[in-house]
Protein chains: 2
Amino acid sequence: MERKITTIKEIAKILNVSTSTVSRALKGHPGISPVTTDRVRKVAGEQDYIPNQSAISFNKKRSYTLGLIVPEFSEPFFCSAFNAIENIATAHDYNIIIGQSYDDMETEAKLVKKFMNHRVDGLIISIAKKGSDYQQLSILEKLNIPVVFFDCVPDRKDIHFVASDFQTSLLKGMQELITAGHRKIALINGPTILSATRQRLVAYIKGLRDHNIEINSSLIVTTDLSREGNLSALNKLIHLSNPPTAVIVFNDYVFLDCLDLLNSKGLEDLFKFISFGNMPGWVLYHHKPFGSIEQFPAEQGKIAANMLMQLMIGKEAEDEPPAKNFQKYIDSDIVFFRDSIKADQAIV
Amino acid sequence: MERKITTIKEIAKILNVSTSTVSRALKGHPGISPVTTDRVRKVAGEQDYIPNQSAISFNKKRSYTLGLIVPEFSEPFFCSAFNAIENIATAHDYNIIIGQSYDDMETEAKLVKKFMNHRVDGLIISIAKKGSDYQQLSILEKLNIPVVFFDCVPDRKDIHFVASDFQTSLLKGMQELITAGHRKIALINGPTILSATRQRLVAYIKGLRDHNIEINSSLIVTTDLSREGNLSALNKLIHLSNPPTAVIVFNDYVFLDCLDLLNSKGLEDLFKFISFGNMPGWVLYHHKPFGSIEQFPAEQGKIAANMLMQLMIGKEAEDEPPAKNFQKYIDSDIVFFRDSIKADQAIV
DNA sequence: TTGAAAGCGCTAACAC
DNA sequence: GTGTTAGCGCTTTCAA
């Protein structure tokens, strides 16, 4: 009952030509006469011929597939990035094989191995936030398989990457807060293992120093990004004898949790917030912080995918790796919601 | 410079054994002596052997890949479903190749074709909402490639599917509204091409009939699900000479847009809402409707994936298709947020 | 303009 | 326990 898919060989037999002729005709090779080409295509159509990608990949030693590893797909940030990457991949007739590291290094290593089995032609990755050591990617390097990092990138100079530069935006946001009279600005930062955490801290300190505001370490708290951690971090700030008037939070998830807590205590007016955007636009439309830093996941994805395409195509053409690495920091942006005074007006 | 990946043949040569021995040793075939197995594995390790999945798929005529087609990946609903499907696929050592139809039939057809090229072993699909006619899937049927539909499924009896049954939940929600004194209940429905739209309408009418409430056609409006469409639909209801007191909306996106409009007009108390959930939990945590119908995407995805696994494994074992189709409606659930009286208290 | 033939890396009868 | 061998479907020299 199970119908077999027609092969090139069978088409060749039907037409009394060779398999090479069929193969060439099917892909419009110029060395085949138009008459033959038509005949081949006609039969191929009649027989419902479907090229076998496995066989092609096997033969050509190219999978026409790129690997994508992100921490978690449920984060809108990575959904947007995926969409952008997917569009470019599709435009180049590439497939994407997806892996979620759940920010775990071992899972990440397993995914890399799996991708290697599949002989991906290239890899785009936002590395796991829990102690990624880049080691598991060395095999790709050895085999000259191009890798492009995005969003969360290792601290090395010999890699291709695109990442967000949020220092300027954060400084701008702090400037705005300070202009509005804020002097006690707190920071709810993320886990210390994240480079993003370090970067936020550095920018925060610079922002204060630039305005000659003394750093007060009790205004710097951290969260493990769990709901409990977020609430507990905010609580610490609330109960300070000399509490802040504005808070920079690690990301939107933290921000939303803070909103909850403040509302439940009837303290919606207590703080101004600057948050780092992970949410799609409509969420902020409903919950406006004082300022929100946008990191353009789609833009990052697009650039990363284009980098990888260039690397893969370049590799196909010559065998020389590019003289220099593709490295790009894309500017983040900060959006201010000046008209949002109170948290409970966030729904406008 | 580009190092080649060691093959089984090379390992065989090094050890002076045959390729079949290596192949068998590598996968722990019982017919190979432990000594040989160890030697083979040792050399494989030293040589950084990486099995070539393309070659294996090619040889075994199985891709160990399943296709997944959803309308759009940016919808949290499908992200959840994907996660669940991915977990099961990974557990069975299957890969997923993803496609987004953007609810367009032609795109969907292209994806199916692409998946066929890749010889996917099975397909999970939530069909395109714009005029999907199931035709493009006939090729899969012919080739006996199992297909499982989920969420948005065609109206046929000879298919495998899992979908949400929300009639019970919606009736329960309406019951609750009516008990609370509501008699004028409106419906903001979706595009008529969607079966989900028809189902909502049917349940809505039944809900009213069950309580001997006359159907008032001016209380039934539709939206194309764009923001403008949503606002315009709500506006129609607001400006009715005899407006409703409660509104059933097509989904959470519509609900959020409605909230915006009402808040901007200072009419936050005007309506109670029942909405169909697409949002992750935390969103409703911030914006509480009167009732929210949960359709359990992860549950649906899990069931669909398990169905497909069974079908694929069954196919591997014998060649008989299962006597009957896998068909499952999973109960939806309705959550009531009774304490949320006013829309601007939605942020709790 | 076409054909013959080798081979991509691996698996799985079948033979010993 | 292990080897021999014949492919899987396709591309691509090389030859005609």
Side-chain angles (χ1 to χ4, degrees), chain A residues 2-41 43-44 47-65 93 116-121 143 316, chain B residues 2-41 43-44 47-65 93 116-121 143 316:
Chain A
E2 181 155 355
R3 246 193 39 186
K4 219 182 117 294
I5 297 178
T6 306
T7 67
I8 275 190
K9 203 197 276 184
E10 285 154 3
I11 296 176
K13 185 148 38 156
I14 292 174
L15 288 168
N16 262 311
V17 296
S18 70
T19 58
S20 33
T21 300
V22 175
S23 170
R24 289 191 266 242
L26 249 21
K27 58 167 64 92
H29 188 104
I32 299 292
S33 76
V35 186
T36 312
T37 301
D38 284 350
R39 288 177 61 219
V40 168
R41 294 199 169 161
V43 173
Q47 300 288 317
D48 287 330
Y49 171 73
I50 304 172
N52 184 329
Q53 189 60 46
S54 291
I56 296 172
S57 296
F58 172 50
N59 187 313
K60 309 241 290 185
K61 296 164 158 239
R62 304 196 57 205
S63 61
Y64 299 97
T65 296
D93 274 321
M116 288 304 302
N117 288 353
H118 280 267
R119 300 293 193 270
V120 293
D121 296 331
L143 295 169
E316 190 179 19
Chain B
E2 181 156 355
R3 246 193 38 185
K4 217 182 119 292
I5 297 177
T6 306
T7 67
I8 275 190
K9 201 194 278 184
E10 285 154 3
I11 296 176
K13 186 149 37 163
I14 292 174
L15 287 167
N16 262 312
V17 295
S18 71
T19 59
S20 38
T21 299
V22 176
S23 171
R24 290 192 265 244
L26 250 19
K27 57 166 66 92
H29 187 104
I32 300 290
S33 76
V35 186
T36 312
T37 301
D38 284 350
R39 289 175 61 219
V40 167
R41 294 202 170 159
V43 173
Q47 300 287 319
D48 287 331
Y49 171 73
I50 304 172
N52 184 329
Q53 190 58 46
S54 290
I56 295 172
S57 296
F58 172 49
N59 186 314
K60 309 242 290 184
K61 295 164 158 238
R62 305 196 55 205
S63 61
Y64 300 96
T65 296
D93 276 323
M116 288 305 301
N117 288 352
H118 279 267
R119 300 292 192 272
V120 294
D121 296 332
L143 295 169
E316 192 178 17

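Reminder, nothing fancy here: chain letters follow the sequence lines and each chain counts from 1. The structure displayed is predicted, hence computed values, not measured ones.
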Trainee: Closest heavy-atom contact between B/H118 and A/Q53?
Mentor: CE1-CG, 3.5 Å
Trainee: Centroid distance below 5.5 Å plus an interplanar angle below 30 degrees: do A/F58 and D/dC10 meet both conditions?
Mentor: no
Trainee: Does a side-chain N or O from B/K61 land closer than 4.0 Å to OP1 or OP2 of D/dG7, or not?
Mentor: no
Trainee: Tell me the closest heavy-atom pair linking B/R41 and B/A25, and the distance in Å.
Mentor: NH2-O, 3.2 Å
Trainee: Is B/T36 close enough to D/dT2 that one of its side-chain N or O atoms is under 4.0 Å from OP1 or OP2 there?
Mentor: yes
Trainee: Take the protein atom CZ of A/R62 and the nucleotide atom P of C/dC8, then report the distance between them rounded to whole Å.
Mentor: 19 Å
Trainee: Can you tell me if A/S20 touches the phosphate of C/dG3, counting only side-chain N or O atoms and a distance under 4.0 Å to OP1 or OP2?
Mentor: no
Trainee: CG of B/N16 versus C1' of D/dT2: gap in Å, rounded?
Mentor: 13 Å
Trainee: When we call it a touch if two heavy atoms are under 4.0 Å apart, what does A/S54 touch: a base, just sugar-phosphate, or nothing?
Mentor: nothing
Trainee: Once you round it to whole Å, what is the distance between C1' of C/dT1 and CG of A/L15?
Mentor: 15 Å
Trainee: Taking the nucleotide of DNA chain D with the nearest heavy atom to each, does A/N52 or B/S18 sit closer to the 5' end?
Mentor: B/S18
Trainee: Check whether any side-chain N or O of B/K9 sits under 4.0 Å from OP1 or OP2 of C/dC8, and answer yes or no.
Mentor: yes
Trainee: If you look at every heavy atom in A/I8 and A/Y49, which pair is closest and at what distance?
Mentor: CG1-OH, 3.5 Å
Trainee: I need the CZ-C1' distance between A/R24 and D/dC14, as an integer number of Å.
Mentor: 10 Å
Trainee: Whole angstroms only, please: what is the NE2-P distance between B/H29 and C/dA12?
Mentor: 10 Å
Trainee: Is it the case that D/dG9 (base atoms only) and B/R119 (side chain only) share a donor and an acceptor within less than 3.5 Å, ignoring hydrogens and angles?
Mentor: no
Trainee: Respond yes when some side-chain nitrogen or oxygen of A/S33 is under 4.0 Å from OP1 or OP2 of C/dT1, and no when none is.
Mentor: no
Trainee: Please name the pair of heavy atoms, one in B/I11 and one in B/V43, separated by the smallest distance, quoted to 0.1 Å.
Mentor: CG2-CG1, 4.0 Å
